[in-house]
Amino acid sequence: MKQEHVEQLFQWIDDTATTISEDMNITYLEAIAETMDVLFNGQPFDDMSENLQTYLTNELTKVKKDQYEKEEIRKAVQLAILKGMKGATQQQHLITPDSVAMFMGYLASRLFEGEEELKIFDPAAGSANLITSVMNQLDMPVNAYASEVDPTLIQLAVTNANLQKNKIEFFHQDSLAPFLMEPVDFVMGDLPVGYYPDDVQAAKYELKAEEGLSYAHHLFIEQGLNYTRDGGYLMFIVPNFLFESDQSKALNAYLREHAHIVGMLQLSDSLFKDEKHGKSILIMQKKGKDTKAPKQALLVKLPSFKNPNGMADILSQMNAWFDEYKSR
C-alpha cells in the first residue's frame with residue numbers, strides 16, 4: 001500500500017465531493033457517497049446539472065480506480081468521511097479508529113486461521129469502514145452481511161464496499177428487528193452505546209430492562225448471538241463499564257448461559273478524550289455441544305498503538321495464547 005495513493009485519492013474525493021455538495025445543495029457526507037457512486041460507475045448521472053456533469057466528466061479523466069488497492073481506497077474514503085464527521089451532531093455519525101479496525105482484523109485472522117470460507121455479519125455497520133477493514137485482512141473467501149439504519153451512512157457503506165470490490169449484502173433497517181438471514185460464523189461490530197428508544201421491540205429480548213429503557217448495546221449483544229451459529233464467534237467494541245452498569249447483572253447471567261468469554265482487550269486510554277468513554281474489544285464464542293471455555297480468557301490492557309515495542313511484546317504474548325487456544 002502506498003501512502004501517496006491514499007493522499008491522492010482522498011484529495012480527488014474531497015475536491016469532487018465539495019463541488020457536488022455546493023451544486024446539489026447536500027451535505028458533504030452525502031456528497032462523498034455521490035462522488036464514490038460516480039467514480040464506481042465511471043460517469044456522472046443524468047439527474048445532475050449540466051455544469052456538474054461537465055465538471056465530473058473532466059475530473060474522471062484524472063483518476064483510475066483500478067490502480068488503487070482495496071486498503072488504499074478504504075483509507076482514502078475513511079479520511080473523507082472523518083472530515084465530514086468533524087463536529088457531527090449525530091452520535092451515530094462516528095467512525096471506528098483505523099488502528100482498532102486493523103487490530104480487529106488481526107484478531108479475526110487468528111480466530112479463523114485455517115478456515116476455508118467464512119460468513120460474517122456487522123449489525124452496526126456505519127460507513128462499512130470496520131467490516132471492510134476486517135475483510136481486507138482475511139485470506140479466505142468471505143460472505144458478508146451488514147446492517148445500518150441511518151440513510152446517509154448506509155449510502156456511504158454501499159459505495160465504499162463497491163469501490164473496494166468487497167461483496168456485502170446490506171440491510172437498511174433497525175438492526176434490532178428480525179433479519180432474513182441464516183446464522184453466520186462471525187458477528188462483529190462497534191456497538192452503539194446508550195438507550196434503545198423502541199420499547200415494543202426491546203420487549204422481545206431477554207435483556208430488556210425491567211424498568212425504563214433498555215441498553216442498546218446489551219440488545220445488540222443478544223441479537224448478535226441470535227444470528228451466530230453454535231460454536232461461532234462474536235467480537236464487539238464495547239464500553240469498559242459493560243459489566244458494571246445497573247443492568248449488567250442480567251447481562252452476566254445471559255452470557256453465562258449462552259456464550260464463553262474468550263477475551264476482553266481494553267483499548268489504550270490514549271484513544272479517548274476522557275477515560276469514562278474508554279472501550280474494550282470483547283471476544284465471545286456461542287456455546288454449542290462441542291464448545292468449551294478457554295482455560296484462561298485473553299485479558300489484556302493494550303498499550304498505545306504508537307508504542308511499537310509495547311505492541312510487539314503484547315502481540316507476542318497474544319500469539320502464544322492463540323496457539324494454545326487453537327490447539328485445545
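One is the number of the first residue; the rest follow in order along the sequence. Since we're looking at a predicted model, the values are computed, not measured.
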Would the distance check show the side chain of [X] and the main-chain N or O of [Y] forming a donor-acceptor pair, the cut-off being under 3.5 Å?
{"X": "Q285", "Y": "G231", "result": "yes"}
{"X": "D198", "Y": "V200", "result": "yes"}
{"X": "Q223", "Y": "A177", "result": "yes"}
{"X": "S248", "Y": "S245", "result": "yes"}
{"X": "Q173", "Y": "S147", "result": "no"}

Sub-6.0 Å ring centroid separation between F121 and F179: yes

Aromatic centroids of Y196 and Y215 separated by under 6.0 Å: no

Between [Y] and [X], is the closest basic N to carboxylate O distance under 4.0 Å?
{"X": "K62", "Y": "D15", "value": "no"}
{"X": "K83", "Y": "D14", "value": "yes"}
{"X": "R74", "Y": "D98", "value": "yes"}
{"X": "D66", "Y": "K165", "value": "yes"}

All side-chain contact (heavy atoms from CB on, under 4.5 Å) counterparts of F272, not counting sequence neighbours: L267, K279

Residues D185, R229; criterion salt bridge (Lys or Arg N to Asp or Glu O under 4.0 Å); working and verdict: CA-CA 6 Å; D185 306 301; R229 64 163 174 80; 2.6 Å; yes

Neighbour count above 12 (heavy atom, 6.0 Å) for E4 CD: yes

Ring geometry between W321 and Y325 (parallel below 30°, tilted from 30 to 60°, perpendicular above 60°): parallel

Intermediate values then yes/no, side-chain hydrogen bond (donor to acceptor under 3.5 Å, both in side chains), Q201 and D174: CA-CA 10 Å; Q201 191 62 41; D174 177 354; over 6 Å; no

Test item: side-chain donor near acceptor, N226 and Y205, under 3.5 Å: no

